[in-house]
S.K.: 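Here it is, the structure, as structure tokens.
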Protein chains: 2
Amino acid sequence: MTVPGLRERKKQHTRDALLRAALELFTTKGYEETTVDEIVEAVDVSQRTFFRHFAGKQEAAFAVQEMVETRFMRALCERPAGEAPFAALRGAVLGSWDAVGESIEAVVPVELHMRTYRMIESTPSLLAVHLRRSIEMEEQIAGVIAEREGVDLATDPRPRVAVAAFSGVMRVTGRMWGAGEEISVDSIRAITESYLDHLGPALAEDWRKA
Amino acid sequence: MTVPGLRERKKQHTRDALLRAALELFTTKGYEETTVDEIVEAVDVSQRTFFRHFAGKQEAAFAVQEMVETRFMRALCERPAGEAPFAALRGAVLGSWDAVGESIEAVVPVELHMRTYRMIESTPSLLAVHLRRSIEMEEQIAGVIAEREGVDLATDPRPRVAVAAFSGVMRVTGRMWGAGEEISVDSIRAITESYLDHLGPALAEDWRKA
DNA sequence: GAGATTAGAGTCAGTCGCTGACACTTGACA
DNA sequence: TGTCAAGTGTCAGCGACTGACTCTAATCTC
């Protein structure tokens with residue numbers, strides 16, 4: 001991967017600065033209490049620039065989540081074709097936990113992301129969007145799983161069921177991460193692992209054999 | 001119940017008019033495409049009046065839902081104490097279906113409410129709020145069930161699990177109602193009943209005996 | 001029944017999120 | 001070196017929403 005040009009780097013730099021400033025303000029002052037003007041003032045750019053990088057205030061709040069989810073989806077798509085659906089999901093989530101840490105840190109401190117997560121869950125308007133994003137992602141995952149297994153998503157309920165169960169665990173995991181005091185990425189990884197182990201047996205059977 | 005005074009009746013009248021106009025515009029022009037100015041112009045009141053009756057555009061979109069939910073919660077609380085949790089939920093939802101029809105019709109045509117439901121599910125920003133409202137209501141229901149059964153919501157997962165399953169059925173039912181062409185209240189009642197019958201056996205056991 | 005009270009509605013000015021149009025600056029590239 | 005275009009700034013404006021004030025008319029009190 002070649003180093004992008006100066007222009008591109010500058011652009012990325014202002015975007016990162018805006019994102020950090022936004023999340024910092026959101027998590028300290030509160031989301032609703034933070035105005036876009038305050039964010040751009042902290043970075044010393046025009047308001048118009050903010051809206052060129054982010055479709056809206058909300059998008060800034062979910063920018064890191066977006067990164068994490070993208071990374072997870074990529075990891076899922078790269079799982080070996082032979083793996084059973086649940087094993088693939090498990091492998092993708094555990095595999096991406098590691099990479100996520102560094103990946104986030106390159107843009108914002110992980111600790112800031114933790115605070116952001118907590119903020120999203122405690123801000124009604126953001127919680128609403130978060131839930132919608134969740135079910136949209138479940139639908140995407142179900143699509144991938146259905147394709148992997150060669151089943152028809154329209155008639156076979158198993159992909160959606162498996163994903164719903166899996167997402168439930170991920171949701172709980174995420175909430176625990178957000179709620180906990182000072183949980184390391186390692187410990188959340190361990191919890192995720194144990195929760196998924198619990199859920200596994202019910203879903204691990206090979207659909208093509210059964 | 002005594003007839004409210006003239007002032008109160010006038011107030012209710014403008015509120016109802018605003019609600020009808022809002023839902024009519026939302027469902028024909030689309031939610032995002034409808035401005036508050038258009039709504040108040042249709043009723044010929046000031047914009048300020050709209051915001052005195054509704055906290056925002058969104059609240060108008062969910063006003064009828066709110067009525068339905070309130071009615072359901074009341075019905076649930078009035079179920080006989082001896083009933084098993086699932087029977088109580090079933091009784092409350094089926095019992096409230098009937099009353100809901102008339103109750104809605106007093107404010108807006110039921111057909112308009114159907115269209116509104118469809119609109120909510122197909123408008124991203126409203127879908128988000130809808131999902132949040134749903135989980136908030138699930139939490140309320142779980143609280144009622146836990147109290148009825150005398151179990152501790154903090155330690156016993158059964159109320160939430162039962163409610164989650166129940167709500168899943170209600171969600172599907174609602175979606176079918178919204179998606180269907182011209183479904184009567186009677187037919188939706190029948191579907192609800194059959195779906196709940198399917199789910200029942202797994203939840204009907206008496207928790208205090210088991 | 002006349003006057004005081006007060007709830008509901010109107011007016012106006014202003015904030016905040018967000019967008020379109022246009023001009024400017026400065027990397028990129030021939 | 002000069003052209004092109006991407007990234008940014010400026011400005012004007014819309015739509016959701018709020019606070020402060022006024023006016024009108026239903027209600028309450030004597």
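Note on naming: letters A, B, ... go to the chains in the order of the sequence lines (proteins, then strands), and numbering restarts at 1 for each one.
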S.K.: Is B:T49 close enough to C:dA9 that one of its side-chain N or O atoms is under 4.0 Å from OP1 or OP2 there?
M.R.: no
S.K.: May I ask you to decide if the ring planes of A:F54 and A:F50 are parallel, tilted or perpendicular, using 30° and 60° as cut-offs?
M.R.: tilted
S.K.: Please determine if a side-chain N or O atom of A:H53 lies less than 4.0 Å away from the OP1 or OP2 oxygen of D:dT8.
M.R.: yes
S.K.: For the pair made of NZ in A:K57 and P in C:dT15, what is the distance, rounded to whole Å?
M.R.: 16 Å
S.K.: Give the ring-plane orientation class for B:H130 versus B:F62, where under 30° counts as parallel, over 60° as perpendicular and anything between as tilted.
M.R.: parallel
S.K.: Looking at every heavy atom in both A:R160 and A:L153, which two are closest together, and how far apart are they?
M.R.: NH2-O, 3.3 Å
S.K.: In this structure, which one of A:E66, A:E139, A:E59 forms a salt bridge (charged side-chain N to carboxylate O under 4.0 Å, His left out) with A:R133?
M.R.: A:E66
S.K.: Please report, rounded to the nearest Å, how far the C1' atom of D:dG15 is from the CD atom of B:Q58.
M.R.: 14 Å
S.K.: Please report the distance, rounded to the nearest Å, between CD in A:E59 and P in C:dC18.
M.R.: 10 Å
S.K.: Step by step, work out the side chain to side chain contact (heavy atoms under 4.5 Å, CB included) result for B:Y31 and B:L25.
M.R.: CA-CA 8 Å; B:Y31 176 76; B:L25 283 164; over 6 Å; no
S.K.: From OH of B:Y31 over to C1' of D:dA16, roughly how many Å is that when rounded to an integer?
M.R.: 9 Å
S.K.: Respond yes when some side-chain nitrogen or oxygen of A:T14 is under 4.0 Å from OP1 or OP2 of D:dT8, and no when none is.
M.R.: yes
S.K.: Are any non-hydrogen side-chain atoms of A:V40 and A:S46 less than 4.5 angstrom apart?
M.R.: no
S.K.: Students often get this wrong, so: under 4.0 angstrom with heavy atoms, is A:H13 touching a base, only sugar-phosphate, or nothing?
M.R.: nothing
S.K.: Is the side chain of A:T27 donor-acceptor paired with the backbone N or O of A:E24 at a distance under 3.5 Å, no angle test?
M.R.: yes
S.K.: A:F50 has an atom CZ; how far is it from atom P of C:dG17, in whole Å?
M.R.: 9 Å
S.K.: Regarding A:T35, tell me which of base, sugar-phosphate or nothing describes its non-hydrogen contacts under 4.0 Å with the strands shown.
M.R.: sugar-phosphate
S.K.: Can you give one letter per nucleotide of nucleotides 18-30 of chain D, 5' to 3': B if a protein heavy atom sits under 4.0 Å from the base, S if only from the sugar-phosphate, - if neither?
M.R.: BBB-----BS---
S.K.: What's the CD-P distance between A:E41 and C:dG17, to the nearest Å?
M.R.: 13 Å
S.K.: Mind calculating the distance between CD (A:E38) and P (C:dC18) to the nearest angstrom?
M.R.: 14 Å
